[in-house]
Amino acid sequence: MLTIKGLTKRLKSGERELEILKPIDLTVPAGEVLAIMGPSGSGKSTLLGLLAGLDAPTAGSIQIDGVEITGLSEDQLALLRGQKIGIVFQSFNLIPNLTALENVALPLELLDQPEGAPARAKELLDAVGLGNRGHHYPVQLSGGEQQRVALARAFASRPSLLLADEPTGNLDTATGQAIIELLLQLNREQGTTLVLVTHDPELGALADRTVHLRDGVIVKEERRERVAK
Ligand code: ADP
Ligand code: MG
């Protein structure tokens, strides 16, 4: 369960102070599929960065499974991310001097699970359709392929919370659908809470709830009956 209260982000830009996120309240029950939609510049990526503990809020509280993350040290945050949170960034953030396979295996090695890491990394690459690309470096992969490696890496530690910024943004329709199916499978089989920033109406339509952001404020919320996924 993720609980956000009064979450605010302000940045100084010269003399002016920009309010990137106005105080936001949001509760995401465990196992929910939440889509965050909104125009470019509305604060979606900023919100995701705060939830991942990669950026500090100006004010407000973020609790993940009852733990207030806003006061944690860098080391504590790194441990929390390793154990609980999978992150897919808009810019993938793959490590350039590691192969696809090594990128996916890395979270497991950091969690002191090196024994099974290569086999599991291979399994995950197979699942995203890149089983034959394991030994390629990020620069040798297309944007869509890098995106799929980033997803495989985010799945590796079986996170209870997956944060993804435009996970289907760089993919053709067929690959995008395969990724959506994979995300929903993770949710179904492992109860992973999904917080997905998306412009993709198809992905939005599969979420249990869609929150619309505009100028740093939640302007609309839509809930859907859960259909068979
Ligand atoms: P979105 O992901 O919805 O497109 P962002 O969260 O990236 O939006 O950005 C929200 C707003 O905050 C935008 O107006 C953006 O220009 C501004 N912004 C984000 N990061 C910074 C920064 N480091 N410095 C100044 N402005 C920023
Ligand atoms: Mg963004």
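Counting starts at 1 for both ligands and their atoms, in listed order. Because only heavy atoms are used, hydrogens play no part in the values below, and waters and symmetry mates are left out as well, while side chains stay in.
- In this structure, Arg153 contributes its side chain and Phe92 its backbone to a donor-acceptor pair below 3.5 Å.
- In this structure, Pro39 counts as a contact residue of ligand 1, since one of its heavy atoms falls inside 4.0 Å of the ligand.
- A heavy-atom separation below 4.0 Å is found between Ser40 and ligand 1.
- A donor-acceptor pair under 3.5 Å is formed between the side chain of Asn103 and the backbone N or O of Leu98.
- By the 3.5 Å distance cut-off applied to N or O atoms, Gly43 is counted among the residues near ligand 1.
- Using a 4.0 angstrom heavy-atom cutoff, Ser42 counts as in contact with ligand 1.
- Side chain of Asn187 to main chain of Thr192: a donor-acceptor pair is present (N/O by atom type, distance under 3.5 Å, no hydrogens or angles).
- Looking only at protein heavy atoms, the nearest one to atom 4 (O) of ligand 1 is Gly41 N, 2.7 Å.
- Residue Thr46 places at least one N or O, backbone or side chain, under 3.5 Å from an N or O of ligand 1.
- The nearest N, O or S atom of Ser45 is closer to the Mg ion (ligand 2) than 2.8 Å.
- Under the 4.0 angstrom criterion, atom 24 (N) of ligand 1 counts as having a protein heavy-atom contact.
- Looking only at distances, a side-chain donor or acceptor of Asp208 sits under 3.5 Å from a matching main-chain atom of Val33.
- Between the side chain of Ser91 and the backbone N or O of Asn93, no donor-acceptor pair lies under 3.5 Å.
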Under 3.5 Å, which donor-acceptor pairs link side chains of residues 59-70 to any protein atom two or more places apart or in another chain?
| unit_1 | atom_1 | unit_2 | atom_2 | d |
| --- | --- | --- | --- | --- |
| Ser61 | OG | Glu68 | OE1 | 2.9 |
| Asp65 | OD1 | Met1 | N | 2.8 |
| Asp65 | OD2 | Lys84 | NZ | 3.0 |
| Glu68 | OE2 | Ile62 | N | 3.1 |
| Glu68 | OE2 | Thr70 | OG1 | 2.5 |

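- Annotation: atom 18 (N) of ligand 1 to nearest protein heavy atom, Ile20 CD1, 3.8 Å.
- Scanning the protein for heavy atoms near atom 7 (O) of ligand 1, the closest one is Ser45 CB, 3.8 Å.
- Of the protein's heavy atoms, none falls inside 4.0 Å of atom 15 (C) of ligand 1.
- Between Glu189 and Arg158 there is no salt bridge, since none of the side-chain N atoms of the basic residue sits less than 4.0 Å from a carboxylate O of the acidic one.
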Could you list the donor-acceptor pairs under 3.5 angstrom formed between side-chain atoms of residues 15-24 and any protein atom two or more places apart in sequence or on another chain?
| unit_1 | atom_1 | unit_2 | atom_2 | d |
| --- | --- | --- | --- | --- |
| Glu19 | OE2 | Arg10 | NH1 | 3.2 |
| Lys22 | NZ | Asp215 | O | 3.1 |

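- Closest to atom 27 (C) of ligand 1 among all protein heavy atoms lies Leu11 CD1, 3.7 Å.
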